[in-house]
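This chain uses plain numbering: 1 for the first residue, then up along the sequence.
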Amino acid sequence: MAVDITTDLNKVRNIGIMAHIDAGKTTTTERILFYTGITYKIGEVHEGAATMDWMEQEQERGITITSAATTCWWKDHQINIIDTPGHVDFTAEVERSLRVLDGAVAVFDGVAGVEPQTMTVWRQANKYSVPRMCFVNKLDRTGADFFRCVDMMVDRLNSTPLVLQLPIGAEADFLGVVDLVGMRALTWRGETKMGEDYDVEEIPAAMADQAAEWRERFLETLAEADDEVMEKYLEGEEFTVEELEAAIRRATLADKLNPVLCGTAFKNKGVQPLLDAVVKYLPSPLDIDGIQGHDVKDEEKVIVRQPSDDEPFSGLAYKIAADPHLGKLTYVRVYSGKLEAGSTVVNSVNGRKERIGKVYQMHANKREEIASVGAGQIVAVMGLKDTKTGHTLCDPSNQVILESMTFPAPVIEVA
Ligand code: GDP
């Protein structure tokens, strides 16, 4: 049965995961889907049965992201993971996916650090001021060096890393992280557990000095980016965890810095804190400025659409995919208004009317048919005939063209 998706937009995260090939994007995504699968839910109803199927499937063959947008749930937040192609040949496609996501997680190989494709995608994300977090992965590998990777973020990406965690132990003995916001240790000594998978401990005595030094650096970097923190910092006042988290969020949304976390996706260490951070620090569709488009007949005439269900419908088709069961699917980001199954919309780029067939929200292990979906959401639509990637779909009586992307010349990497 088709359902209406009415979600509090504040609790939606449209994110991409970007990385150089082999850094662990797939593994990290699979771990995210694994953990969020455990608490999978439809609307407001927790689905106990789905959890069981999920666990069985996971054990049988692992979970692979197969969709251009996969929806999952984490602590009452809906996370839509938008697939961002990592390969440089797909530069145009990367650009397009960067437009439909609101925030991103960049995954780094703890040994290789910042690699050429990271630089390419990072630069493209700069163009759209996409708020980003960093996850330094593979800390279990021989030669992994978290601090070198952080230095490379400064040197090669010209970014401002805000280090939120320090690794405890290294390589085969990588055990956990010091959480510099809560000044505590999160450790993974045993098996993967289904709920919170880490233990909270005191910071190891041997790391007390290092933790104090990095806490200071953390506060300084945050103060540089945020006036409220600066004021308190100069007064020498203490901060609550909530104040710090709010400030990290403000500074990340303003694209002034990039929170950095670490772990090893492969060994399930660090992925849950990463999910928590996605919810805490990356933007909701409401944090993003209204989308700018232009009049169908006059390119100079700017039209701005706000992420509200009360606005006329507008959406961008950002990917066409062939689904083995459903056939041609058009992935659409709804920017304003409501998209309803069975309704007629206009493709404002070619002037053709399109009838919206079935609408789906795609999950890693199932798809869900939806009657209507509001602004800020990403769905797959069946039945579109004349719509290509990059086309705008809109309300026939309130037309707009959303996309005015310029593609950069091929980027030549300088290591
Ligand atoms: P992608 O190309 O970025 O999607 O990378 P994958 O997720 O496919 O990972 C590339 C390889 O690195 C695979 O063989 C993974 O099993 C491995 N890998 C991923 N994460 C980790 C990690 O945390 N530690 C180690 N040692 N290997 C990892």
Within a 6.0 Å radius of atom [atom1] on [X], are there more than 12 heavy atoms belonging to other residues, nucleotides or ligands?
| X | atom1 | value |
| --- | --- | --- |
| Asp289 | CG | no |
| Asn10 | CG | yes |
| Glu224 | CD | no |
| Asp151 | CG | yes |
| Lys280 | NZ | yes |
| Lys358 | NZ | no |
| Glu231 | CD | no |

Does the distance from a Lys or Arg side-chain N to an Asp or Glu carboxylate O, for [X] and [Y], drop under 4.0 Å?
| X | Y | value |
| --- | --- | --- |
| Asp102 | Arg13 | no |
| Arg250 | Glu228 | yes |
| Arg156 | Glu115 | no |
| Arg249 | Asp287 | yes |
| Asp255 | Arg132 | yes |
| Arg141 | Asp109 | yes |

**Prompt:** How far does OG of Ser314 sit from CG of Leu339, to the nearest 0.5 angstrom?
**Reply:**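 Going from OG on Ser314 over to CG on Leu339, the span is 10.5 Å.
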
**Request:** Give, for atom OG1 of Thr71 and atom NE2 of His363, the distance between the pair rounded to the nearest 0.5 Å.
**Result:**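 If we round to the nearest 0.5 Å, Thr71:OG1 and His363:NE2 are 5.5 Å apart.
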
**Prompt:** Side-chain contact, heavy-atom cut-off 4.5 Å: Ile378 with Tyr318?
**Reply:**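 A side-chain contact under 4.5 Å exists here.
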
**Asked** Donor-acceptor pair, Asn350 side chain versus Asp386 backbone, under 3.5 Å?
**Response**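 Answer holds: yes.
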
**Prompt:** Just checking, Lys269 and Tyr198: is the charged tip under 6.0 Å from the six-membered ring centre and within 45° of the axis?
**Reply:**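 So Lys269 doesn't make the cation-pi contact.
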
**Request:** Check salt bridge (charged side-chain N to carboxylate O under 4.0 Å, His left out) between Glu220 and all other residues, then give those that pass, not counting sequence neighbours.
**Result:**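 For Glu220, no residue satisfies salt bridge (charged side-chain N to carboxylate O under 4.0 Å, His left out) once neighbours in sequence are set aside.
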
**Request:** Answer with yes or no after comparing the ring centroid distance for Phe147 and Trp214 against a 6.0 Å cut-off, counting only values under it.
**Result:**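 They qualify: ring centres under 6.0 Å apart.
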
